[in-house]
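Report on the structure given below.
Excluded from the calculations below are hydrogen atoms, water molecules and symmetry mates; all remaining heavy atoms, backbone and side chain alike, are included. Proteins get letters first, then strands, A, B, ... in listed order; numbering begins at 1 in each.
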Protein chains: 2
Amino acid sequence: MATIKDVSKHAGVSPATVSRVLNGSELVVEKTRVKVMAAVEALGYRPNTLARAMASGRSGIVGMVVPEMCSPIHARLLGEAEALFRQHKIQLIGASGHCDPAQEQEAIEFLLQCRCDALILMVEAIDDGYLQQLAKRQANVVLINRTLAGFDAQCVTLDNVGGSQTATAHLIANGHQRIGYISGPLAKQDARDRRSGFEAALAQHGLTAEPDWFVEGDFTETGGYEGMSELASAQLSAIFCGNDEMAFGALAYCREHNIAVPEQVSIMGFDDLHFARYTFPALTTMDFPAGAMAIAATRHLLRTCYQIDIPAQPEMAYKPSLVVRDSVQPR
Amino acid sequence: MATIKDVSKHAGVSPATVSRVLNGSELVVEKTRVKVMAAVEALGYRPNTLARAMASGRSGIVGMVVPEMCSPIHARLLGEAEALFRQHKIQLIGASGHCDPAQEQEAIEFLLQCRCDALILMVEAIDDGYLQQLAKRQANVVLINRTLAGFDAQCVTLDNVGGSQTATAHLIANGHQRIGYISGPLAKQDARDRRSGFEAALAQHGLTAEPDWFVEGDFTETGGYEGMSELASAQLSAIFCGNDEMAFGALAYCREHNIAVPEQVSIMGFDDLHFARYTFPALTTMDFPAGAMAIAATRHLLRTCYQIDIPAQPEMAYKPSLVVRDSVQPR
DNA sequence: CTGTTAGCGCCTTCAC
DNA sequence: GTGAAGGCGCTAACAG
């Protein structure tokens with residue numbers, strides 16, 4: 001593969017000049033630039049990103065850690081960020097943390113070794129202390145769905161508590177009083193937040209959270225299915241699931257056991273996965289604007305780390321909005 | 001950030017020795033190794049992947065191009081490959097080609113500039129000539145879902161024709177004779193293959209493909225929905241959709257228009273997306289073993305490119321298998 | 001076993 | 001405007 005030296009020989013100039021042309025320096029006379037470009041064409045030369053990064057101290061690489069690359073919501077985050085970064089010739093590299101502190105840390109260290117210019121982290125298991133240390137080593141860090149003392153400007157957050165309250169209020173407004181809750185794993189902050197929003201809304205309307213109507217799931221369809229099976233005998237009029245995937249599982253359980261949704265029981269999800277509109281009945285849920293959040297994180301970095309001039313300051317705090325479909329009906 | 005030189009000074013040895021220790025060379029006496037490791041610890045030293053790549057001519061990076069990072073099947077491919085590569089300390093970087101020749105080429109060039117050791121390509125729009133050229137520049141290329149003359153050993157394929165035949169045969173075995181087909185965009189090879197498998201199976205059973213019962217969709221839910229609307233009046237007893245997403249759309253249409261599935265019309269999908277089991281009725285479909293295929297591609301590269309000793313030669317040619325659920329019933 | 005010497009391909013001062 | 005020289009951090013011969 002041709003190097004900058006080959007090009008310089010072919011064009012009869014010095015490597016430095018080739019470098020200037022390639023980097024758009026204005027200090028090159030038109031005639032030379034043409035000569036150089038011709039040589040580049042002729043040799044099919046491609047600059048070596050690695051060498052460029054070494055010499056300039058800037059890799060043009062951004063690392064991103066998500067819990068699971070193949071979960072729909074995380075894939076969306078990755079996809080949106082990648083597309084936008086690539087428009088600016090920046091490479092996004094993704095790694096998964098699997099909600100495990102060791103694996104999250106390993107992923108981050110891995111990315112750091114690649115000398116990423118910046119990091120976008122959606123990590124849930126790793127402790128604050130580590131992240132605080134990290135911020136000292138690498139200033140360009142954006143956190144998704146997590147807040148950290150002293151880093152407000154670098155956190156793209158979703159108001160899980162508020163979203164959950166809105167959802168619960170919608171249930172209550174529809175006349176539901178006996179509302180069950182299938183939670184995500186309480187080891188996760190967002191699961192805790194969504195739960196507390198639920199309970200806050202209940203309290204606000206003079207209802208109390210019955211421990212028997214609560215089950216801790218795992219954010220998967222299977223967890224939702226099993227959660228529903230535990231709640232089935234409690235004569236509840238509505239079930240709020242901590243995410244859509246569990247709602248899908250709950251719906252599957254109901255169908256298999258001839259529990260009519262929404263006639264016998266209303267079901268509410270959270271996330272508004274693409275698929276939510278294709279369940280039967282179509283799922284009423286809260287919208288998690290993952291795409292917008294990924295773009296916000298990306299734009300923030302484009303501005304602060306790459307000094308690319310993007311008009312407006314991206315919104316960093318997001319609120320889920322209610323998506324009304326068919327799985328919740330008035331009681 | 002500490003460099004190998006800092007470590008060598010701190011340990012009182014040469015940089016080369018530090019390098020040896022870090023790379024597990026056996027030519028280092030235990031005492032030195034301990035000294036070095038202590039220095040590494042003390043300084044919190046992390047080798048610079050970029051520099052290492054430059055010096056060794058091996059980046060430890062594999063690039064992967066998929067059509068869309070956020071499509072479920074492609075996210076799965078990425079996720080599985082990433083997980084397996086990372087076990088071997090190899091970084092996978094993903095890019096999306098969006099089924100557009102220019103974008104696919106751009107993605108590949110981008111990856112090439114990062115000096116990836118190998119490439120896993122799921123590209124559909126780019127022409128054979130380009131890939132053949134590419135194979136000359138970079139020997140370690142694995143193609144997913146595409147065959148290329150002279151590169152059989154590096155293609156992980158799915159038998160779309162055969163899978164489609166199996167599916168169609170299942171429909172026919174269930175007494176269906178008036179079978180509609182909602183196809184993927186015929187610009188894509190897999191869409192064409194699936195269609196021709198369908199028609200071959202029809203012919204094999206003495207049936208002919210009615211042009212009026214065929215509609216070209218776009219592999220999305222919306223496309224399936226619209227396709228179904230076109231076919232709704234044709235009195236068909238079964239509809240075969242080119243992929244699950246279109247089947248989801250078709251199911252949605254039926255539900256909205258009170259067409260009972262499978263009583264009035266059976267619906268068959270293709271891919272077996274995770275969600276297929278959560279539709280109503282649960283979707284009968286063909287399994288696209290994306291995870292296994294990603295792992296096959298990864299293992300192939302681990303063997304051929306990284307000389308990592310993995311017991312068995314991975315299977316490179318996959319056949320979809322029938323997944324019977326509830327959306328297809330005997331006529 | 002360990003240190004020394006060269007680069008890997010590029011960018012970036014500094015002179016000219 | 002352009003060229004020469006040095007160095008980014010590391011590995012890979014080659015000596016010893």
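- Atoms CG and OG1, on D128(A) and T147(A) in that order, are 8.0 Å from each other to the nearest 0.5 Å.
- Here the P atom of nucleotide dC14(C) and the CZ atom of R20(A) are 13 Å apart, to the nearest Å.
- Nucleic acid contact for P47(B): sugar-phosphate only, since backbone atoms but no base atoms lie under 4.0 Å from a heavy atom of the residue.
- Of the candidate nucleotides dT2(D), dT11(D), dC10(C), dT2(D) has the atom lying nearest to any side-chain atom of L27(A).
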> Does the side-chain contact (heavy atoms from CB on, under 4.5 Å) test come out yes or no for H74(A) and L77(A), once each step is laid out?
Replying inline: CA-CA 5 Å; H74(A) 304 144; L77(A) 285 163; 4.2 Å; yes
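- The interatomic distance linking M54(B) (CE) with dA12(D) (P) rounds to 13 Å, in whole Å.
- Rounded to whole Å, the distance from NZ on K5(A) to P on dG3(D) is 15 Å.
- When each of S19(A) and S14(B) is assigned the nucleotide of DNA chain C bearing its nearest heavy atom, the one mapping closer to the 5' terminus is S14(B).
- Relative to the side chain of T32(B), the nucleotides dT2(D), dT2(C), dC10(D) differ in distance, and dT2(C) lies closest.
- Atom pair R52(A):CZ and dC8(C):C1' shows a separation of 16 Å (rounding to whole Å applied).
- Comparing atom distances between the A55(A) side chain and each of dC10(C), dG9(D), dG3(C) picks out dC10(C) as nearest.
- Look at NZ on K9(B): it is 13 Å from P on dT4(C), rounded to the nearest Å.
- In this structure, of dC10(C), dT2(C), dG9(D), it is dC10(C) that holds the atom nearest to the side chain of N48(A).
- The minimum heavy-atom distance between A2(B) and Y45(B), with the atom names listed, is O-CD1, 3.3 Å.
- In the set dC10(D), dT2(C), dG3(D), the nucleotide with an atom closest to the side chain of T3(B) is dC10(D).
- Here the P atom of nucleotide dG7(D) and the CD1 atom of I4(B) are 18 Å apart, to the nearest Å.
- Contact annotation for V18(A): no contact, since no heavy-atom pair falls under 4.0 Å across all strands.
- For dG1(D), the base has no donor-acceptor partner in the side chain of R33(A) [N/O atoms by modelled type, under 3.5 angstrom].
- Phosphate contact (OP1/OP2 of dT2(C), side-chain N/O of T17(B), threshold under 4.0 Å): absent.
- The side chain of V29(A) has dT2(D) as its nearest neighbour among dC11(C), dC10(D), dT2(D).
- A residue-by-residue look at R115(B) and A16(B) shows that A16(B) has its nearest nucleotide of DNA chain C further toward the 5' end.
- Between the P atom of dG9(D) and the CZ atom of R46(B) lies a distance of 17 Å, rounded to the nearest Å.
- Between L78(B) atom CG and I120(B) atom CD1 the span is 9.0 Å, to the nearest 0.5 Å.
- In this structure the side chain of R115(B) reaches within 4.5 angstrom of the side chain of M1(A), judged on heavy atoms.
- Between M1(A) atom CE and dC10(C) atom C1' the separation is 15 Å, expressed in whole Å.
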